[in-house]
Amino acid sequence: MKTLTVSVVTPDGPILEDAYEMVSCKAESGELGVMPGHIPMVAPLSISAVRLKGKGQSDRIAVSGGFLEVRPDKVTILAQSAERPSDIDIDRARKAKERAEQRMADKQSDIDMRRAELSLKRAINRLDVHDNNF
Ligand code: ATP
């Protein structure tokens with residue numbers, strides 16, 4: 001089975017670079033599975049889990065939106081933020097979720113509501129990736 005190099009980069013620096021057989025992620029247009037030899041493309045990513053299937057191991061990463069760039073032998077994920085399950089601070093994500101829910105319940109302006117919704121999505125995504133349920 002061929003592999004492709006997957007590189008995950010955030011404004012804080014590189015998070016991961018390794019060889020995998022398949023990348024599954026959620027583009028804004030829907031679920032996407034990328035294997036070696038895929039046609040080149042660029043797509044915006046949702047706040048979601050990126051799943052990486054390797055020879056021995058599989059990995060998953062919580063990403064908070066960004067872009068996916070596909071070339072036949074390489075996938076680059078440029079994310080606003082990206083965390084491996086072991087790097088996710090559960091307490092922080094739970095608190096972020098509560099704050100966002102509270103702000104949404106307070107029914108603030110449309111802009112604040114949208115920000116709270118995105119914050120809630122990021123928190124739920126982190127909790128899901130940590131617990132491996134998505
Ligand atoms: P918070 O309100 O807790 O800051 P947030 O969703 O606003 O959450 P982001 O702006 O998405 O946070 O991320 C800022 C930085 O903090 C990024 O480097 C991100 O990886 C990190 N980060 C945010 N939440 C967590 C978490 N629960 N566990 C680990 N790292 C986190």
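Quantities reported herein were computed from a predicted structural model and do not represent experimental measurements. Start at 1 and go down the list; that is how both ligands and their atoms are numbered. No hydrogens, no waters, no symmetry mates; every other heavy atom, side chains included, goes into these values.
- Ser109 and Arg114 share no side-chain donor-acceptor pair at under 3.5 Å.
- In this structure, Glu101 pairs ionically with Lys97, as a charged nitrogen and a carboxylate oxygen lie closer than 4.0 Å.
- Using a 4.5 Å cut-off on side-chain heavy atoms (C-beta onward), Leu68 and Val75 make contact.
- Of all heavy-atom pairs between Ile88 and Ala62, the closest is CD1-CB, 4.2 Å.
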Table of N or O contacts for ligand 1, cutoff 3.5 Å:
from	atom 1	to	atom 2	distance (Å)
ligand 1	2 (O)	Arg99	NH2	2.7
ligand 1	3 (O)	Arg92	NE	2.9
ligand 1	4 (O)	Arg92	NH2	2.9
ligand 1	6 (O)	Arg122	NE	2.6
ligand 1	6 (O)	Arg122	NH2	3.4
ligand 1	6 (O)	Arg126	NH1	2.8
ligand 1	7 (O)	Arg122	NH2	3.2
ligand 1	11 (O)	Arg122	NE	3.3
ligand 1	11 (O)	Arg126	NH2	2.9
ligand 1	16 (O)	Arg92	NH2	3.0
ligand 1	18 (O)	Asp12	OD2	3.0
ligand 1	20 (O)	Glu83	OE2	2.5
ligand 1	24 (N)	Arg92	NE	3.3
ligand 1	24 (N)	Arg126	NH1	3.3
ligand 1	27 (N)	Asp89	O	3.0
ligand 1	28 (N)	Asp89	N	2.8

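- Between Arg60 and Pro85, the shortest heavy-atom contact is O-CD, 3.0 Å.
- Between the side chain of Ser46 and the backbone N or O of Ser48, no donor-acceptor pair lies under 3.5 Å.
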